[in-house]
Asker: 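Below is a structure I'd like to ask you about.
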Amino acid sequence: MKYSQWMDGTGPDADIVLSCRVRLARNLLATPFPHRMDDGQAQTMLARVEEAVHHLETGWHLTFSRLSNLTPITRQVLVEKHLVSPLLAQDPIRYEAVAIDDRESISIMINEEDHLRIQVVLPGLQLNECWKVANQLDDAMEQYLDFAFDPKSGYITACPTNIGTAMRASVMIHLPALVLTHQASQVFTTLAQLGMVVRGLYGEGSEALGNIFQISNQVSLGLSEEEFIHNLTVVTQQIVGRERHARQHLLQNAGTALADRVGRAWGLLTHARIMSSEEALRLLSEVKLGADLGLIEAPNAATYAQLIVATRPGFLQVEAGRELNPVERDQLRADYLRRLLGEQNRV
Amino acid sequence: MSHDGDEAQSKNLLCQRCNQKPALVHFSKVVNGEKTDRYLCEDCAKEEGAYHFMLGPQFTVQHVLGGLIGQEPLGSQRSETSTKRCPHCGYTYQRFAESGRLGCDYCYQTFAPELEPLVRRLHGSVDHHGKVPVRGGRQWIQQQNLANLRMQMKKAVEREAFEEAAKLRDEIRQLEAGMESDRGNDHEI
């Protein structure tokens, strides 16, 4: 099974910032938003966008797929890889589509809440680079499509919370030490005051599993894209600094307890026979913290982000080549983790 | 699950967990028909995760937005607003208040008076300072340039720099002619 580029564990501050993303919403001029289109309008719109994607220079390496042509498990894997949003993959799917590049770094979601959502995800903290690529792709798409834009209000979106730049920049960040030292909620309260939102691993409504949080700009109007990105980058760097500080504090003041936790997590991951997806995320978080602090050797078979995605239900079922019930999944997950992590011990 | 601070407080209970602070949160769980009650103080409730249910997916942007929209606009315009309809897509303000989403790009013009205070509240601003589409924004950029040149020409006249003003006037005429022919092309498309 293929891993996406954003999971390769490279990039600035990649030990703490798993990935960063920029998403631009675009809508076609004089066309009802997706939730208001009738069948005819939806078909026309989809055909226009498909044509535009095919017109793009071959340099973008995009593959266009209608979601209705993909199996439910394939759709689920796309959500687990953060290439499509849970909303797009959700039934009923009729006119939803996605164009994904061969490195799985770029995706264009079609007929989600807005007509187009252009998204670029990269590993580590490099939001500027994400914006650069998204901006270029937006320019390229605009050669073929007329986007709804108003000089005063900016890009027009289905929901007024997104108008203006229509940009959402976000980072996926691993904060085990801030959670352990009970500082996370205070940090998040401060973020809210700065117009930023904190969500769980899989976006709106999802819990913060495995100490992984998504931080994004709430406001999209009034500043330029570069300014929004600069603000989020600076704030993220500060959180990274606090997380590093908290880690050192734990190491110095509770080193044995921390090593014990990490060792226990490693023991379970390398010996358990049944493992739920939630337990795997929790234990992987502790092992990652231990590896970052040099308490154990880092797993070399896969990066942290790869391990997280590889133990999600959809990915496991693709690996197994068939549908699995939850009990089978938990067993296969345990087998998979033992194989990926356990081999290291035998070397 | 219920979250009923008044009830717990009225019984003057101490937190069942720390036995120190007053119990302000009544947390009842029903598992397989068996009900268990917990009376906790705010801090212990947070630590036990009693607040988790409050972060459920039902608390979405759309719901919060619905609340904000419900307050707009104030006073007498209200009844007029709720029957207003977008001439392009037929969407009503009432539907927007329910769904948090508009019907089409034209709705923003139709409901502009109602949307402006809402947008200001959401973003703290109503003016876009970001990207302008390359092709779609060309006309707008030209208008901006035109306004700039007119301003410069006016200043030049005030300074009695007539030669400069004449040059600017020619530039303005050229730009206006260009915009006219652009508009002609757009119609052909």
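Letters go in sequence order (proteins before strands), and every chain restarts at 1.
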Asker: Non-hydrogen atoms of chain B under 4.5 Å away: do they reach the side chain of Q143(A), the backbone, both or neither?
Answerer: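 Backbone only.
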Asker: Counting heavy-atom pairs closer than 4.5 Å to chain B, which one of L24(A), T31(A), T157(A) comes out on top?
Answerer: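 Most heavy-atom pairs under 4.5 Å with chain B: T157(A).
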Asker: Does the side chain of Q218(A) come within less than 4.5 Å of L122(B)'s, by heavy atoms?
Answerer: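 In short, these two side chains do not touch, never coming nearer than 4.5 Å.
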Asker: Should the heavy atoms of other residues, nucleotides or ligands under 6.0 Å from NE2 of H129(B) be counted, would the total exceed 12?
Answerer: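 Above 12, so yes.
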Asker: Checking F147(A) against chain B: side chain, backbone, both or neither under 4.5 Å from a heavy atom?
Answerer: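 When you check distances to chain B, no heavy atom of F147(A) falls under 4.5 Å.
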Asker: Output the option from D150(A), D138(A), V197(A) having the highest count of non-hydrogen pairs under 4.5 Å with chain B.
Answerer: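 Counting heavy-atom pairs under 4.5 Å, the top option is D138(A).
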Asker: Can you name the nearest heavy-atom pair linking H35(A) to Y91(B), along with the distance?
Answerer: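 Looking at all heavy atoms of both residues, the closest pair is CE1-OH, 3.3 Å.
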Asker: Does CD belonging to Q136(A) count more than 12 external heavy atoms closer than 6.0 Å?
Answerer: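 More than 12 within 6.0 Å, yes.
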Asker: Provide the closest heavy-atom pair for P32(A) versus C104(B) in the form atom of the first, atom of the second, distance.
Answerer: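 Looking at all heavy atoms of both residues, the closest pair is CA-CB, 3.8 Å.
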Asker: Can you tell me which portion of V119(B) sits under 4.5 Å from chain A's heavy atoms? Options are side chain, backbone, both or neither.
Answerer: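 When you check distances to chain A, only side chain atoms of V119(B) fall under 4.5 Å.
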Asker: Heavy-atom distances under 4.5 Å only: say whether R120(B) touches chain A with side chain, backbone, both or neither.
Answerer: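 For R120(B), no heavy atom lies under 4.5 Å from chain A.
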Asker: Please flag which part of T165(A) lies under 4.5 Å from any non-hydrogen atom of chain B: side chain, backbone, both or neither.
Answerer: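 Contact with chain B: backbone and side chain both.
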Asker: Between L221(A) and chain B, with a heavy-atom cut-off of 4.5 Å, which part of the residue counts as in contact: side chain, backbone, both or neither?
Answerer: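 For L221(A), heavy atoms of backbone and side chain both lie under 4.5 Å from chain B.
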Asker: Minimum heavy-atom separation for V134(B) to D139(A), with atom names?
Answerer: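 Smallest heavy-atom distance, with atoms named: CG2-OD1, 3.4 Å.
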Asker: Given 3.5 Å as the limit, does a donor-acceptor pair link the side chain of R101(B) with the main chain of E113(A), or not?
Answerer: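 No, R101(B) side chain to E113(A) backbone: no donor-acceptor pair under 3.5 Å.
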Asker: If we ignore hydrogens and angles and just use 3.5 Å, is the side chain of H128(B) paired with the main-chain N or O of I163(A) as donor and acceptor?
Answerer: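 No, the answer is negative, given that no donor and acceptor are paired below the 3.5 Å cut-off.
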Asker: Above 12 or not: heavy atoms from other molecules or residues under 6.0 Å from CZ of R261(A)?
Answerer: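 Result for CZ/R261(A): open.
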Asker: Backbone N or O of S220(A) within a donor-acceptor pair of the H123(B) side chain at under 3.5 Å?
Answerer: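 It does hold such a pair.
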Asker: Can you tell which of S224(A), P151(A), G154(A) has the highest number of heavy-atom pairs within less than 4.5 Å of chain B?
Answerer: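 Looking at each option in turn, the highest pair count goes to P151(A).
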Asker: Can you confirm whether more than 12 heavy atoms, excluding those of E163(B), are under 6.0 Å from its CD atom?
Answerer: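 Check fails, neighbour count at 12 or below.
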Asker: For the NZ atom on K152(A), are there more than 12 heavy atoms of other groups (residues, nucleotides or ligands in this structure) within a distance under 6.0 Å?
Answerer: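 Yes - once you tally the heavy atoms of other residues, nucleotides and ligands closer than 6.0 Å, there are more than 12.
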Asker: Counting C-beta onward and ignoring hydrogens, is there a side-chain heavy-atom pair between F149(A) and K131(B) closer than 4.5 Å?
Answerer: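 In short, these two side chains do not touch, never coming nearer than 4.5 Å.
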Asker: Can you find a pair of side-chain heavy atoms, one from C89(B) and one from F33(A), that are under 4.5 Å apart?
Answerer: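 Result no, sub-4.5 Å side-chain heavy-atom pair not found.
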Asker: How far apart are the closest heavy atoms of S125(B) and G222(A), and which atoms are they?
Answerer: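 That closest heavy-atom pairing would be OG-CA, 3.5 Å.
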Asker: Which value, rounded to the nearest 0.5 Å, describes the distance between Y106(B) atom OH and I156(A) atom CD1?
Answerer: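 So the gap between those two atoms works out to 13.0 Å.
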Asker: Taking all heavy atoms of L102(B) and all of P160(A), pick out the closest pair and write down the distance.
Answerer: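 That would be CD1-CG, 4.2 Å.
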Asker: For the backbone of L145(A) and the side chain of R135(B), can you confirm whether one donor and one acceptor N or O come within less than 3.5 Å of each other?
Answerer: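 Side chain of R135(B) to backbone of L145(A), a donor-acceptor pair under 3.5 Å: yes, one is there.
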